[in-house]
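Given the structure is predicted, the values throughout are model-derived calculations rather than measurements.
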Amino acid sequence: MEEEAGRRMERGEGDQLRGATTGSRRVAAAVVGASGGEIEIQMEAATVGSGASAAAAAASTSSGQEGDAEDGLQQTPTWKRFLAHAGPGFLISLAYLDPSNGELHLIVLRRKEVQTDLQAGSIHKYELLWVLFFGFFLVLVIQSLAVKLGIITGRNLAEMCMYEYPKYVKYGLWLLIEVGVIAATIPGVLGTALAYNILLNIPFLAGVLICGASTFLLLGLQTYGVRKMELIGVIFMLLITVCFFIELSSVNPPMGEVIEGLFIPRLRGVYAMSDAIALFSVLIVPHNLFLHSSLVVSRKISPSSKRFKDTSTFFLIENACAMLLVLLVNVAIVSTTGTICANTQLVDNIDACSSLTLKSTSILLKNMFGRSTSKIYGLALLASGQSNTVTTSYAGQYIMQGFSGMRKCIIFMIAPCFTVIPSLIICSVGGAPNIRQLINISAIILAFVLPFSLVPLLKFSSSCVVKVPYKNSNSIVKVAWILSVVIMGINIYFFCNSFISCLVHSELPRAVNAIISILVFPFMAAYIAALIYLAFRKVNAAGLFPSVPVSNGTEVEAWRQERIADDIGVR
């Protein structure tokens, strides 16, 4: 009883103490209120103090999270972090192994090897390999800009165009890029159908339909994640590499001459300059810029300054490895065909090289090295064509989603129809006899569309340099601008020169030529004016880029999450 009474007395004293404290606060408030306006001042001070405390707590929490991220980053082995970023570079590199690329090599070799000096053999042979070697450095620079754009903004190139440009401009860009995707898909369909004919003697039209069905089937694997699509790309690339290196071992070219042609620039012969320009100007593929920036966004980037820099480095290394493999395959293609066509001891070889195509190459290999070599070539052509069709259709999905803003589930169903079905129709109507013509037309369309994807990327990259500077990023963007202007200038020159040459040597009446000129020259003027508009228009969407340097990874990540939340709210 005494203990209970003691506890009650303690509680009573505590209550009295709290009451006295409360009363004193109220009295103080009443006294201060009489002096006029100081209550509000004290309340604001308390509010500011609590806000500062909350900000300090938030900063402490953010720094703690960043420290945890740094600790986790240090604990994870480097090779595991690299493998987490591997995949996008291999998938986009398949565009440089498509059948149109092989057809271009064959056309260049045919023109150099045969028409220049049939009796003495090719004076060029491997002498233009240096164009591929230096050209792929250009590709690596351009693709690195697409990677950094995705890392910094959290958006792909199509989404950036949608948010930045006016209504009619962005829809015009969307239309041109979609036409470019269809043009890039056509060589893949043609190569796949031709490969089925070489391997299984399937009619060309049936091969086109099988290509369409297998493309939709492979695209269905994306429901299991982006990594599955990237794995498919790696498998296709390894298959192409193995097949062409087997072909190279069968031909056994002089490696000394191949290495010399790869590292020593030379331009000898009538067509050397034009062929070098042609090879250099077709290296960049428009849809790859959109696809690469999209695949980068699929990775989860930690809000850590070191993780941001490591992510960029890992993507660059992975892309360089993929492009090195592509370079080796292209060297194998040129070396194999150049060695065969340079063999002047066989007259039949020279006659075959005078009209060398994807189909006749299979026959040539079969006659010289046996049926198995022809089948290996057909398998490489199948992997090249099918991978190209899948990659371009996959890129078309991201392009349509970025420009339209529709949900992924809808885009995944309708986007392949706008890409694959028109390509199947064009290839079915054109048929096997017109493969070369269709590939040439598709190459012209891609060269025409290229500036409308390249210039926006360069403009956004220039803004990224100002907003979120990377080490040496300014120099890289300047080099990319210079090389891109050279490529676009070459393409415009060839457009105008080819058109004028067609008019001069045309057998049409002068009145018809005059009408064609009246229609075409204003079109070319509008084309150049559109490029000038894109090049000199200032990027004024401040919300597209973070306003803090990349060294402050927490704020950049918070900015990215705000942009994602805004996108979800809009859509």
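Within the 4.5 Å cutoff, the side chain of Leu450 has heavy atoms near those of the Ile284 side chain. Using a 4.5 Å heavy-atom threshold, the side chains of Leu149 and Leu457 count as touching. Counting only heavy atoms from C-beta outward, the side chains of Arg537 and Tyr165 approach each other to under 4.5 Å.
When each of Leu289, Ile487, Val449, Leu534 is paired with Leu454, the side chain to side chain contact (heavy atoms under 4.5 Å, CB included) condition holds for Leu289 and for no other. Results of the side chain to side chain contact (heavy atoms under 4.5 Å, CB included) test with Leu262 over Val334, Leu129, Leu132, Val131 single out Leu129 as the only residue that passes.
Under the 3.5 Å distance criterion, the side-chain polar atoms of Ser293 are left unmatched by any main-chain donor or acceptor of Ala146. For Gln397 (side chain) and Ala415 (main-chain N/O), no donor-acceptor pair under 3.5 Å exists by modelled atom type. Side chain of Asn388 to main chain of Ala184: a donor-acceptor pair is present (N/O by atom type, distance under 3.5 Å, no hydrogens or angles). Judged by distance alone, the side chain of Lys459 and the main-chain N or O of Val539 form no donor-acceptor pair under 3.5 Å.
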Q. Run the side-chain contact (heavy atoms from CB on, under 4.5 Å) check on Ile492 and Leu531 step by step: do they pass?
A. CA-CA 11 Å; Ile492 293 174; Leu531 294 182; 4.1 Å; yes

- Does the ring pair (Phe, Tyr, Trp, His ring centres under 6.0 Å) test come out yes or no for Phe523 and Tyr527, once each step is laid out? CA-CA 6 Å; Phe523 175 77; Tyr527 177 81; 7.0 Å; no

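The shortest non-hydrogen separation linking Ser462 to Trp481 is OG-NE1, 3.0 Å. Here the shortest heavy-atom pairing between Phe290 and Ala158 reads CD2-N, 3.5 Å. Considering every non-hydrogen atom in both Asn319 and Ser93, the closest pair reads OD1-OG, 4.3 Å. What you find for Phe137 and Phe133 is that their closest heavy atoms are CD1-O, 3.1 Å. Minimum heavy-atom separation, Glu164 to Lys538: OE2-O, 3.7 Å. Of all heavy-atom pairs between Ala480 and Ile142, the closest is CB-CD1, 3.8 Å.
If you take OG1 on Thr391 and CZ on Phe90, they are separated by 13.5 Å, rounding to the nearest 0.5 Å. Within the model, atoms OH of Tyr163 and CE of Met160 stand 11.0 Å from one another, a figure rounded to the nearest 0.5 Å. The distance from atom CZ of Arg155 to atom SG of Cys161, rounded to the nearest 0.5 Å, is 12.0 Å. Separating the CD atom in Glu159 from the OH atom in Tyr398 is a distance of 10.5 Å, to the nearest 0.5 Å.
Other residues, nucleotides and ligands place no more than 12 heavy atoms under 6.0 Å from the OH atom of Tyr493. Other residues, nucleotides and ligands place no more than 12 heavy atoms under 6.0 Å from the CZ atom of Phe418.
With sequence neighbours excluded, the residues that form a side chain to side chain contact (heavy atoms under 4.5 Å, CB included) with Thr185 are Val181, Val189, Thr389, Thr392, Thr419, Ser423.
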